[in-house]
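Take a look at the structure set out below.
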Amino acid sequence: MERRRWGGDAAWFPVCLALVGALVLSLLLAVSFGTVSIPLGQVYEVILEELRALLPGGTAPTGGSVRDVVWLIRLPRLILAVGVGMGLSVCGAVMQAIVKNPLADPYVLGVSSGAYLGASLAMLLGLGGFLGGSAMGVLGCAGALLVSLGVMALANLGGRSNAVKLLLAGTALSAVCAGFSNFFIFLLNDDHAATAVVQWSMGSLAAADWGSNAVIVAVAVLGSLFFWSQYRNLNLMLLGDDCAVTLGADLHRWRLIYLTAAALMVGFAVYKAGLIGFVGLLIPHVVRMLFGTDHKKLIPISALLGAIFLVWADVLCRVILPGNELPIGVLTALVGAPVFVYLMARKKYGFGGGD
Amino acid sequence: MEIRASDVRAVLGGSQILRGVDLRAERGELVGVIGPNGSGKSTLLKCIYRVLKPTGGAVWLDGRALSEYSYKASARRVAVVAQHNYYNFDFSVQDVVMMGRAPHKRTLDRDNAQDRQMAARALETVGMADFARRSFATLSGGEQQRVILARALAQDTPCLILDEPTNHLDIKFQLQLMDIVKGLDRTVIAAIHDLNIAAMYCDRLYAVREGRVVASGRPEEVLTPELIRTVYEVEAQVLRDERGGLRIFYHPGSHGS
């Protein structure tokens, strides 16, 4: 069967350019959605004014409620959506390569339960009291990183790590972290705190601000560029370590480097946005289906598509329930799961199995 | 390029698989390694293509120890077609063959016209040029194995190692693959199950049993009824066909029990 794909070797670059354009356009459109209706002209006026103010010699922008809504609430969220969507999608593709398993997502190696444990500790034990309002984010991020490092250490016990050992270590540590989180929640019996943790774990972009956005977007973009530059090794990873050696790459060391970089990217996303499921699983598979498995195309296209996806997911979250905001993790699961099932049912895409 | 293994020993899972093996393949030679399942022939080849580290002895490429080469450098000299090639992800045939160019690339190098040309030529050599855009996973076993051979050819190495490449392939593909390999001007070491194929194609043979080389030489020197009895524990008759080629016939019911 001839596999029809959008573009062979030549078409992926124009596709990337088109997606960059689509991302900018999405941002411009998405910023006009919200609970308060503001005329489109006014929205762009505020943005232009702020951008002019960033230029050297620019005048300070005038304040006002419209400016606050657009510049301090809507746009930061959307920019955060770009960073988080990009980071999660790229890490999803990378994790799938690292563990050679199409079911992997950015959270697969214990990252989500580590983050959950960190957030629970922050909330329930007041461990993060001195960190102020972002305590759950900080400890969640720390938990994600620590568990990732723990999984790597565990998988390297008694010989070199491999995909299966990583998955097993990830599953084991996940269970331990989930057990501890539940234990604390049960022990303290604090309904308010438990609710807060659950809500945090459903993900939200509401906490966005320009200061942390700069860091998160920078980490996501630099991480994506790094993984893009590693596309040959990522391709070889899917063939297995033995085969990779015969093609000149000793992947053991690289796997640890990639895991660390991915954990960092996911950790930063967790810090501001909590846990947002399905993006990192869905986007790489959609891109593979359309463009093939070659990471030279998979990484950049996933990064851009993931960013666009999360921008629109956030818009939907804000408008779908009048007067209320749906947690974005709930929405990505509700939208993502049916799409995923549809992909499975189409049969043309074998998720790698091919048959 | 010349490959030499001297006194190679290997321990796998606590048992001694190779007990000191010497092997030599001269430039342009097609050397076959034969022996029953578990004799260590695959382990020996794995030591030569660096997937296993010998616990004793060493492998030499052109007089330099293999361990002194970087993985990239050795992959520019030795390419491998192994028996197991199942991928959990869906690459196109073109993607798979282009991976053969990886050892020639630094991190930020892009694939250039020459790489694509070599991949195209390799696919042509194995008769798979029309399949470049197909998904690797949808090919038959024989076609997949030819694509892997094309990848090894695109690797552009002076040496080629075939680790039982024709297992599970029907006879046409076995002959096809060996014909292609025989037509290459490369040093080839191949582990081969089928003694008739070994006799037809190889310049020299090494017979391995219980981790030791028990015979080596030209096929007609190695493939004798006595040796086949010692190594495989079956009775066989070795005849010449009308063109002087060796033909091995096995006697049913003669396996030592």
Side-chain angles (χ1 to χ4, degrees), chain A residues 1-5 7-10 13 93 96-97 99-104 160 163 225-226 228-254 284-285 288-289 291-298 348-355, chain B residues 45-46 48-53 69-82 84-96 98-111 116 130-139 144 148 151-152 154-155 157 160-161 163:
Chain A
M1 173 197 64
E2 191 81 19
R3 175 75 37 105
R4 214 189 90 80
R5 282 186 177 127
D9 302 319
F13 194 67
Q96 287 163 3
V99 300
K100 279 207 303 177
N101 192 322
L103 279 177
R160 285 178 148 214
L225 287 176
F226 167 69
W228 194 11
S229 76
Q230 299 297 313
Y231 74 89
R232 279 202 189 85
N233 278 347
L234 290 169
N235 281 344
L236 293 180
M237 242 168 212
L238 294 181
L239 307 190
D241 284 14
D242 286 1
C243 190
V245 162
T246 72
L247 290 167
D250 182 21
L251 294 181
H252 174 68
R253 189 170 46 106
W254 284 112
H285 279 303
R288 269 198 205 93
M289 197 177 66
F291 298 95
T293 298
D294 186 357
H295 286 80
K296 185 171 70 185
K297 306 166 214 166
L298 181 59
K348 266 196 180 156
Y349 178 59
F351 287 88
D355 36 19
Chain B
L45 292 194
K46 284 198 171 77
I48 297 176
Y49 63 79
R50 291 190 97 171
V51 164
L52 285 178
K53 216 181 224 121
Y69 289 89
S70 72
Y71 282 103
K72 266 209 165 119
S74 62
R76 284 196 292 266
R77 288 163 175 83
V78 180
V80 181
V81 180
H84 179 78
N85 283 295
Y86 170 76
Y87 302 141
N88 218 359
F89 286 85
D90 203 3
F91 285 106
S92 74
V93 167
Q94 170 83 6
D95 291 342
V96 172
M98 281 304 278
M99 284 183 214
R101 301 302 300 156
H104 299 274
K105 296 282 160 186
R106 277 168 306 174
T107 305
L108 291 174
D109 283 352
R110 298 180 54 185
D111 298 328
R116 279 187 286 275
D130 295 337
F131 291 67
R133 311 277 282 169
R134 281 273 296 267
S135 144
F136 181 81
T138 62
L139 302 183
Q144 289 191 346
I148 298 300
R151 184 181 73 197
Q155 216 169 322
T157 56
L160 189 60
I161 292 179
D163 192 353

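Order of the sequence lines fixes the chain letters, A, B, ..., with proteins taken first and strands second; residue numbering starts at 1 for each chain. Owing to the predicted nature of the structure, the values given are computational and were not obtained by experimental measurement. Side-chain atoms are counted along with the backbone in the values below, which use heavy atoms only and exclude waters and symmetry mates.
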Just verifying a value: how many Å separate [X] [atom1] and [Y] [atom2], rounded to the nearest 0.5 Å?
X        : Y        : atom1 : atom2 : result
A:Asp294 : B:Ser92  : CG    : OG    : 7.5 Å
B:Lys46  : A:Asp242 : NZ    : CG    : 7.0 Å
A:Arg232 : B:Thr107 : CZ    : OG1   : 8.5 Å
B:Arg50  : A:Thr246 : CZ    : OG1   : 11.5 Å
B:Tyr71  : A:Leu251 : OH    : CG    : 10.5 Å
B:Ile148 : A:Cys243 : CD1   : SG    : 6.5 Å

Using a 4.5 angstrom heavy-atom cutoff, name the option from [options] with the most pairs to chain A.
options                               : answer
B:Ile161, B:Leu108, B:Val51           : B:Val51
B:Met99, B:Arg76, B:Met98             : B:Met99
B:Thr157, B:Asp111, B:Leu139, B:Leu52 : B:Asp111

Problem - Contact check, side chains of A:Arg288 and B:Asp90, non-hydrogen atoms, under 4.5 Å - result: no
Exercise for the section: Take A:Leu239 and B:Phe91 through the side chain to side chain contact (heavy atoms under 4.5 Å, CB included) test and state the conclusion after the steps. Expected result: CA-CA 10 Å; A:Leu239 307 190; B:Phe91 285 106; 4.2 Å; yes
Completion exercise
Between A:Leu247 and B:Gly100 the two heavy atoms that sit nearest each other are CD2-CA, 3.9 Å
Exercise for the section: Please look at B:Arg77 and chain A and tell me whether the side chain, the backbone, both or neither of the residue comes under 4.5 angstrom of a heavy atom of that chain. Expected result: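 It is neither, since no heavy atom gets under 4.5 Å.
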Fill in the blank from the handout: Whatever's closer than 4.5 Å to a heavy atom in chain B on A:Gln230 counts as side chain
